[in-house]
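This structure is a prediction, so every number in the text was calculated from the model and none was measured.
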Amino acid sequence: MTGTSRTVLITGTASGVGLAAAVAAARAGWRTVAMLRDPGRAGALRRAAAEAEVELDVRRLDVTDEACVAAAVDAVLTDYGRLDAVVNNAGARHAATLPGASVAEVRSSLEIGLLGVLNVTRAVVPHLRTSGGRLITVTGVAGPYGRPVGERFCTAEFEGEEHRGGHAAATWARGVTVSVIEPGSGAAGVLGRIPLDPSDAVAPIVRALTALAPAAAH
């Protein structure tokens, strides 16, 4: 069975790390389902795929909507029959102090960066267990170390790190390998104005994907 028989789902692919990871995974031979909240923002993703001469299956996914996540995962399983890897990359990255942010903005960051990861993880782990797959989550150095003018992003990242640390042991025992990738703020686009160079984050994602054992015949 070739690499093209493997399916990876990647969230947050409109730009930055998610976009680059989707193109890199497709280039490495994966059937790549590139998810993003607003399909109207898929222009850069589609152009990058065209330039790389790879095919992506671009679909809508709102990670904060549990029903939307469940339906999206079910659709991928219906279309491809298996799910071998998932890259949790969706996140709300903003530069603002907590006093300068509204409660709604803080809530949004937590819903995407923490609850969104939880929604996706809960939906995909049973299928990754079946395939002996891998769950990869992109966080950032901002979580464990913090940074000024980014407290709400750092809070979501730290809570996400804690969730994933505990989840790794549980899923490993059930046949799912868990990886956490922590790119720097430039690659993750935390401050928005920093020119993005996602290569540092994409390389370990591709290595984690290629480290999977050969897929079993389905």
Atom [atom1] in [X], atom [atom2] in [Y]: separation rounded to 0.5 Å?
| X | Y | atom1 | atom2 | answer |
| --- | --- | --- | --- | --- |
| Asn119 | Leu61 | CG | CG | 9.5 Å |
| Arg122 | Glu66 | CZ | CD | 5.5 Å |
| Ser131 | Asp84 | OG | CG | 4.5 Å |
| Asn88 | Leu135 | CG | CG | 5.5 Å |

Discussion item. Evaluate Arg82 against Thr7 for side-chain hydrogen bond (donor to acceptor under 3.5 Å, both in side chains), listing each step before the verdict.
Written reply: CA-CA 7 Å; Arg82 62 184 297 134; Thr7 303; 5.9 Å; no
Worksheet item: For Arg129, does the CZ atom sit with more than 12 other heavy atoms under 6.0 Å from it, leaving out its own atoms?
Response: yes
Looking at every heavy atom in both [X] and [Y], which two are closest together, and how far apart are they?
| X | Y | result |
| --- | --- | --- |
| Thr13 | Ala22 | CG2-CB, 4.2 Å |
| Ala49 | Val23 | N-CG2, 4.1 Å |
| Ala123 | Pro126 | O-CD, 3.8 Å |
| Val58 | Ala42 | CG1-CB, 4.1 Å |
| Trp30 | Leu209 | CZ2-O, 3.5 Å |
| Ala21 | Val202 | N-CG2, 3.8 Å |

Hey, quick one: are [X] and [Y] part of the same hydrophobic cluster, counting side-chain heavy atoms closer than 4.5 Å, chains of contacts allowed?
| X | Y | value |
| --- | --- | --- |
| Leu128 | Leu9 | yes |
| Leu56 | Val73 | no |
| Leu77 | Tyr80 | yes |
| Val176 | Val69 | yes |
| Met35 | Val120 | yes |

Worksheet entry | side-chain contact (heavy atoms from CB on, under 4.5 Å) evaluation trace for Asp38 with Arg41 | CA-CA 6 Å; Asp38 180 5; Arg41 296 183 58 212; 3.6 Å; yes
Quick one: does any side-chain atom of [X] pair with a main-chain N or O of [Y] as donor and acceptor, under 3.5 Å?
| X | Y | answer |
| --- | --- | --- |
| Thr11 | Ala90 | yes |
| Asn89 | Gly12 | yes |
| Thr32 | Val8 | no |

Item to complete: Give me the one residue out of Val87, Val178, Thr177, Ile10 that meets side-chain contact (heavy atoms from CB on, under 4.5 Å) with Ile136.
Response: Val87
Discussion item. Please enumerate all residues that pass side-chain hydrogen bond (donor to acceptor under 3.5 Å, both in side chains) together with Arg134, with sequence neighbours excluded.
Written reply: Ser179
Discussion item. Does any part of the side chain of Arg59, heavy atoms only, come nearer than 4.5 Å to the side chain of Val76, both counted from C-beta?
Written reply: yes
